[in-house]
Amino acid sequence: MNKKKNIRVLLLDDDKFMLEFVSHLLRELGVSEVFVAEDGKAGLFVLSTQIEAVDLLICDIEMPGMDGIEFLRHIADQKYSGKIVLFSGVDADLLKAIERLAIVRGLNVIGTLMKPVTIGALAAILEKLNLPAYKATGFSRIRQVFDVDDIKHALCADQFTVFFQPKISASSRRVTSVECLARWHHSRYGYISPDNFISIIEQNDLINDFTRNILKKSVRQLDLWLQQGLDLKISVNVSMENLDRFNLPEIYQEAVQNSNVPIERVILEITEGKLGKDFAQSLDILTRIRLKGFGLSIDDFGTGYASMETLKYMPFTELKIDRIFAHNATQDPATRVILESCIKLGKAFGLNVVVEGIETEEDCELVAELGCDEIQGYFIAQPMGGDEFTQWLRNYEINR
Ligand code: C2E
Ligand code: MG
Ligand code: MG
């Protein structure tokens, strides 16, 4: 049997027999450490006592005391970053709704498990864990609470760097561009993900310097790639908090003009959820950014509030459909309907439609079939450093 060494699983269920039975199956499958808890509160306690991360949570929904939904809310607040499987005897539609809720809260739900549990279903879940790839990125799993002084120090010490994740053309499968994703290269914790620092940066009026820094570094990398003959574009994330000054288009233009990169090769991604704070000001700034020649993308489309209004007024060139509508779309008819409608909507507005968060070949084929233009997700590649990307692209082109 395939040994699942070093996998740490926490199992939550109010039924003692179920805890014993599933623990036994997990051990049969080679899982080294199984922790159990009889309700949400006990589960939170177990998590709080762990020094090493728990890789997988298998969580029952119906539990007396703190139920599964409340438990998920708490661990989302605590930024739990491991994988989650929802486990229940509730009907499949309700389980799907709970899965979506967890994904909306930023949790990494990799599937659902219906009772009664079989060893085959558990084995399939363990296969999905894909832990070696996760660990291979050297990505820190430590959820550390940082404060603004840590961040200011990191900015001064130039510890923020950029990882790149490819986007491919849905029709030719050629790599067309990369999304530039910020990473904090921490001397102690390795590469730290943006969830741990972007909001602190935004709340402390540091986001403008930060975005300019990431944009400059990304442009510098693209400049090198263009010199090497690679035909690529870059996408850089911009916060709504950035849109607080009317000279923003000039600031970004200057960051690009100090290089040989044509401005048309730079796309700025804005998360649509927060558009509308000061609608006229946002519209003014975004329109002038377009006028300068930048591409403009609505990020995480479908999870915000002003989708239709945004599409009607804002001069976007691209629509990026959130991963929650791509995840499992082949299996879940409701997700598929939303995905299909978003793609049609984007195409009807003449936008370049990207689907992000594609993790499986089936989802990749489905979104291509539904007519999206570009695809991004772990199925193609995880975000990686610049040199690693150059190497990855060489191999990808050989094998394509
Ligand atoms: P985003 O712009 O929507 O970026 C996509 C996120 O999804 C990235 O997370 C990426 O690693 C992750 N991802 C890509 N493919 C898959 C997949 O197949 N499955 C799953 N589960 N996830 C996938 P990351 O790098 O942790 O970034 C999170 C968010 O942080 C970004 O979401 C973006 O909103 C923000 N962010 C990142 N860099 C910057 C930055 O330089 N400035 C600002 N303002 N925000 C940034
Ligand atoms: Mg983005
Ligand atoms: Mg996104």
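Just follow the structure's listing: the first ligand is 1, and inside any ligand the first atom is 1. Keep in mind the model is a prediction, meaning the values are calculated, not measured.
A salt bridge does not link Asp223 to Arg220: none of the charged nitrogens lies less than 4.0 Å from a carboxylate oxygen. With respect to the salt-bridge test (charged N to carboxylate O, under 4.0 angstrom), the residues Arg100 and Asp332 qualify. Comment: Asp60 engages Lys115 in a salt bridge, judged by a side-chain N to carboxylate O separation of less than 4.0 angstrom. Electrostatic pairing of Asp158 and Lys217 counts as a salt bridge here, judged by a charged N lying under 4.0 Å from a carboxylate O.
Distances below 4.0 Å separate heavy atoms of Pro383 from the following atoms of ligand 1: 11 (O). Under a 4.0 Å criterion applied to the non-hydrogen atoms of Gly357, ligand 1 contributes the atoms 16 (C), 17 (C), 18 (O). Counting atoms of ligand 1 from 1 in the listed order, those under 4.0 Å from a heavy atom of Gly377 are 15 (N), 18 (O). Taking every non-hydrogen atom of Ile358 and a distance limit under 4.0 Å, the qualifying atoms of ligand 1 come out as 18 (O).
The aromatic ring centres of Trp392 and Phe164 sit 6.0 Å or more apart.
A donor-acceptor pair under 3.5 Å is absent between the side-chain atoms of Asp373 and the main chain of Val354, judged by distance alone. Tyr378 places no side-chain N or O within donor-acceptor distance of the main-chain N or O of Thr360, the cut-off being under 3.5 Å. For the pair Asp55 (side chain) and Arg8 (backbone), a donor-acceptor distance under 3.5 Å is present.
Checking Ile289, Leu283, Leu291 one by one against Pro315, the side-chain contact (heavy atoms from CB on, under 4.5 Å) holds for a single residue, Leu283. The only member of Ile270, Asp299, Ile285 that meets side-chain contact (heavy atoms from CB on, under 4.5 Å) when paired with Val238 is Ile270. When each of Phe163, Phe197, Trp184 is paired with Tyr191, the ring-ring contact (aromatic ring centres under 6.0 Å, His included) condition holds for Phe163 and for no other.
Inclusion of Glu359 in the set of residues having an N or O under 3.5 Å from an N or O of ligand 1 is warranted. Between Ser239 and ligand 1, a contact under 3.5 Å exists for at least one N or O pair. Below 3.5 Å of separation, one finds an N or O of Ala182 facing an N or O of ligand 1. Residue Gln376 places no N or O, backbone or side chain, under 3.5 Å from any N or O of ligand 1. Polar contact with ligand 1: present for Asp299 (N/O pair, distance under 3.5 Å). Close N/O approach between Arg323 and ligand 1 is found [any backbone or side-chain N/O within under 3.5 Å].
Leu226 is not listed as a side-chain neighbour of Asn260, based on a closest heavy-atom distance of 4.5 Å or more.
Using a 4.0 Å cut-off between heavy atoms, Phe163 makes no contact with ligand 1 at all. Only the side chain of Gln165 comes within 4.0 Å of ligand 1, judged by heavy-atom distances. Residue Glu356 touches ligand 1 through its side chain alone, judged by heavy-atom distances below 4.0 Å. Looking at Ile214 against ligand 1, only its side chain comes within 4.0 Å, counting heavy atoms. Within the 4.0 Å heavy-atom criterion, neither part of Asn108 lies near ligand 1.
Note on Ser235: not counted as a metal contact of the Mg ion (ligand 2), no N/O/S atom lying under 2.8 Å. Residue Asp300: an N/O/S atom is found under 2.8 Å from the Mg ion (ligand 3).
Taking a 4.0 Å cut-off on heavy atoms, Glu179 registers as neighbouring ligand 1. Arg183 counts as a contact of ligand 1, since one of its heavy atoms falls under 4.0 Å from the ligand. Heavy-atom distances between Phe379 and ligand 1 stay at or above 4.0 Å for every pair.
Taking both residues in full, the closest heavy atoms of Arg173 and Tyr396 are given as O-OH, 2.5 Å, listed atom of the first, atom of the second, then distance.
Put simply, the angle at the Mg ion (ligand 2) from OE1 in Glu269 to OD2 in Asp299 is close to 90°, to the nearest 10°.
Relative orientation of the Phe294 and Tyr252 rings is perpendicular, given thresholds of 30° and 60° on the angle between their planes.
Residue-level check: among N/O/S atoms of Glu179, OE2 sits closest to the Mg ion (ligand 2). Nearest N, O or S atom of Glu356 to the Mg ion (ligand 3): atom OE2.
Of the listed options Tyr378, Tyr191, Phe160, Tyr378 places a heavy atom closest to atom 23 (C) of ligand 1.
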